Amino acid sequence: MKSDSAHSLQDLRERSPLLKPLNDQQLSAVLHGDGPAMVLAGAGSGKTRVLTTRVAYLMTEKNVSPNSILLVTFTNKAAAEMTNRVQQMTGKRPQFSGTFHRLCARILRQDGILIGIPPTFSIYDDDDQLDLVKSILKKLNLSVKEFNPRLMLSMISNAKNELLSPKDYQIFAKGKIQEAANRVYQLYEKELDKNGAVDFDNLLNKTVELFRKHSNILQKYQHMFEYVLVDEYQDVNKAQYLLTKMLAAPQNNLFAVGDFSQSIYAWRGADYRNMLALKTDFPGIQEYRLEQNYRSTQTILNAASAVISHNTSHPILELWTEKTDKRRITLYEAETEKDEAEFVTHHIQQFKKTLPYSEMVVLYRTNAQSRVFEELFLKYGVPYKLVGGVRFYARKEVKDVLSLLRLFVNEHDSVALSRIEKLGKKRLQVYLSWLASTKKFPEKTLDILDAVLEASQYLTLYDERLEEDAERLENIQELRSVASEFSDVPSLLENVALVENNTLPDSSSSNQQQDAVSLMSIHAAKGLEFSAVFLVGMEEGLFPHSRSLMDKHQLEEERRLCYVAITRAKEHLYISYTRRRLLYGAVTGSIVSRFIAEIPDHTLERKGGEHPVGLLSGSQHLTHPQHISRRFSQLSDETLERVLKGEIDVESFLDM
DNA sequence: CCATGCAACATTTTT
DNA sequence: TGTTGCATGG
Ligand SMILES: Nc1ncnc2c1ncn2[C@@H]1O[C@H](COP(=O)(O)OP(=O)(O)OP(=O)(O)O)[C@@H](O)[C@H]1O
């Protein structure tokens, strides 16, 4: 198959409409026969196109049953998009197409009982996890002042990402903080067990455990999934790596696609070196490369590649393009974040003459930055769509109602229990006895939800005449309408836990429009593309984020994030930063991001501010000594703490 | 036992 | 800035 000459590739393209829109490199990858393969390719080179086309090709030309295809991606959105494309091409959908977490949830519902996980298990999100950690700290008589629950949780999560069980961790834990984390971890896992609950990390880890302990179950799934295809492989963690390896065996029909330079999830255990590990674990693996970029102009690619070339710890894949549009990247120095947003809004309105809003996006490092843009968009009537941010399902009233439902499904869920208890002991008692004494519950999900609301008298907590309460009640209505779409409560709960940060589909009219500008974090933009990209807030401390300045690897991850941001743009790229910015309510002087200095000058066209870029322009303005010194002392304290705990090695500490 | 108010506090990124 | 937790008072 792989020895096809260019001539017969052309033949194939002629014969199959499916294969027509592919270049030679893409086509060879799609046509890969059996056995392991990986596609290494930079941004916009058609990795996703190759993946979806290969699935279609397997199903139509190779007579592979859709039921034996496993297609894994990292977000539900990407999964939906891929499923769609495959369905358009073939009219069929793979047996499974979704995230690792969803796959694991499904497997554990089915077979988790073998390792003590009941089919009714609750899924704990980070709020639930934090609640659990806090309650354990209390139980252990450890002060939350001394042992920050968030820190405890992240240490536990890091351990889990390394697949360290509580027993394993016990051996490594050294020093006060780690020993405390160790004690918490031991209890934490016990509590999860008792509660019949699984946290995000355990969805993956417990599935690995299940496969290791019960080879017959593993075999069942191996048999089911003859072909395993994974997108964004640079972002798999240890458990995900093992899962793909286990599931692909014994035929090893593994097809992994990725780009080192787009690895942006190291902070949650992802490791791009897993892509290199494939070469060791599958010595015969066939490697494909795609080098033509179809998305961006040469100018944009030049900028992206100049930035990423400052990274030294991973390979960088080359790209070229035929889009030779000479338009330069606009760099704008804004006075304040409001000025920045005005600038962006103005240009969006200009672009509207030639582009739909949906082809424009504002990208930022942190979700908090979306606020000013929302305000100005509202003011100027620009329709927008906020992706991510304050999660609908993280809102208090929504979580409360979900906790009521969780208790309905799983009475052992102590986190849900104490949440309801906070609403009043009596209310909890009444609710529990209703659960215990009711013989027959309604059938429909929505009817159950309504019965639950009635029994708990939850709605009486709010007064619709108060603005704030009215909004909460509205959110509950929204949840009701979501509920009505599910056939049973467990699947409602699972979806709510696993579906990524859907924004509140609130009533503000600008949210309802289909043609709208997107507002999202760079992380959320991975895999997407837009004609016009506004990359905002390019300031030291914000991007790269202050919490990553101390470690070389974290800084490189920020740079990869910058690469991802730049490469989202098809034609127009606007980059901006401010001279001073409101941070937690206080004015702070800003410093231009170092990444801007890494972009070649000739690709840029400067607007705003008269000061040369790359200097500390604006920083002499309006500095607030208190604020700055507080932030700096926090930084060094925390750094020191991490060095002491061994999270940062001494060498890189001295490097800083 | 519960509601209310104020102060401290914290903030990256998300499955 | 928005939230969360704690202290106060009913
Ligand atoms: N052979 C081709 N001819 C024309 N356009 C193509 C071709 N291959 C891909 N494209 C287009 O290039 C763009 C980028 O493709 P795709 O999203 O698959 O790239 P990617 O490598 O997955 O990108 P990223 O790494 O950013 O996720 C898409 O708009 C796609 O339709």
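What you see is a predicted model; the values in this text were computed from it and never measured. First the proteins, then the strands, lettered A, B, ... as listed; each starts at 1.
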Checklist entry - Does R547(A) put a side-chain nitrogen or oxygen below 4.0 Å from OP1 or OP2 of dT13(B)? => result no
Item to check | Given DNA chain B, 5'-ward residue of the pair E421(A) and Y265(A), judged by closest heavy atom | outcome: E421(A)
Checklist outcome for this item: To the nearest angstrom, the CG-C1' distance between L130(A) and dT3(C) comes to 13 Å
Checklist entry - Between D126(A) (CG) and dT4(C) (P), how many Å, whole number? => result 13 Å
Checklist entry - dT4(C) and dT13(B): how far apart are their C1' atoms, nearest whole angstrom? => result 22 Å
Item to check | Residue from N195(A), D413(A), D199(A), D128(A) passing side chain to side chain donor-acceptor pair (under 3.5 Å) with S122(A) | outcome: D413(A)
Next on the checklist: Between P on dA3(B) and OH on Y462(A), what's the gap in Å once rounded to a whole number?
Outcome noted: 11 Å
Item to check | dT14(B) OP1/OP2 closer than 4.0 Å to side-chain N/O of T75(A) | outcome: no
Checklist entry - Would you call Y584(A) stacked on dT1(C), i.e. ring centres under 5.5 Å apart with the planes less than 30° off parallel? => result no
Next on the checklist: Looking at R371(A) and E375(A), is there a salt bridge between them, counting it only when a charged N and a carboxylate O are closer than 4.0 Å?
Outcome noted: yes
Item to check | K425(A) side-chain proximity, nearest of dT15(B), dT13(B), dC1(B) | outcome: dC1(B)
Next on the checklist: How many whole angstroms separate atom CG of L555(A) from atom P of dT13(B)?
Outcome noted: 18 Å
Item to check | Salt bridge flag under 4.0 Å for residues R268(A) and D235(A) | outcome: no
Checklist entry - Among dG5(C), dT15(B), dT13(B), which nucleotide sits nearest the side chain of K134(A)? => result dG5(C)
Next on the checklist: Students often get this wrong, so: under 4.0 angstrom with heavy atoms, is R150(A) touching a base, only sugar-phosphate, or nothing?
Outcome noted: sugar-phosphate
Checklist entry - Where each residue is assigned the nucleotide of DNA chain C containing its nearest heavy atom, which of R371(A) and K422(A) is assigned the position nearer the 5′ end? => result R371(A)
Next on the checklist: Please confirm whether the shortest side-chain N or O distance from N367(A) to OP1 or OP2 of dT13(B) is below 4.0 Å.
Outcome noted: yes
Next on the checklist: Regarding K422(A) and D400(A), does a basic nitrogen lie under 4.0 Å from an acidic carboxylate oxygen?
Outcome noted: no
Next on the checklist: Rounded to whole Å, how long is the line connecting atom CG of L498(A) with atom P of dT14(B)?
Outcome noted: 16 Å
Next on the checklist: Is the ring pair W434(A)/Y431(A) parallel, tilted or perpendicular, if the boundaries are 30 and 60 degrees?
Outcome noted: parallel
Next on the checklist: What is the separation between atom CD1 on I264(A) and atom P on dT15(B), rounded to the nearest whole Å?
Outcome noted: 11 Å
Item to check | Closest-nucleotide 5' rank along DNA chain B - winner of R102(A) and S548(A) | outcome: S548(A)
Checklist entry - Just wondering, do F100(A) and dT15(B) stack (centres under 5.5 Å, planes under 30°)? => result no
Item to check | K47(A) with E232(A): basic N within carboxylate O range, under 4.0 Å | outcome: no
Checklist entry - Looking for any heavy atom pair under 4.0 Å, which part of the strands does F74(A) touch: base, sugar-phosphate only, or nothing? => result sugar-phosphate
Checklist entry - To the nearest Å, how far apart are D127(A) CG and dT3(C) C1'? => result 12 Å
Checklist entry - Just wondering, do W267(A) and dT13(B) stack (centres under 5.5 Å, planes under 30°)? => result yes
Checklist entry - E557(A) has an atom CD; how far is it from atom P of dT14(B), in whole Å? => result 12 Å
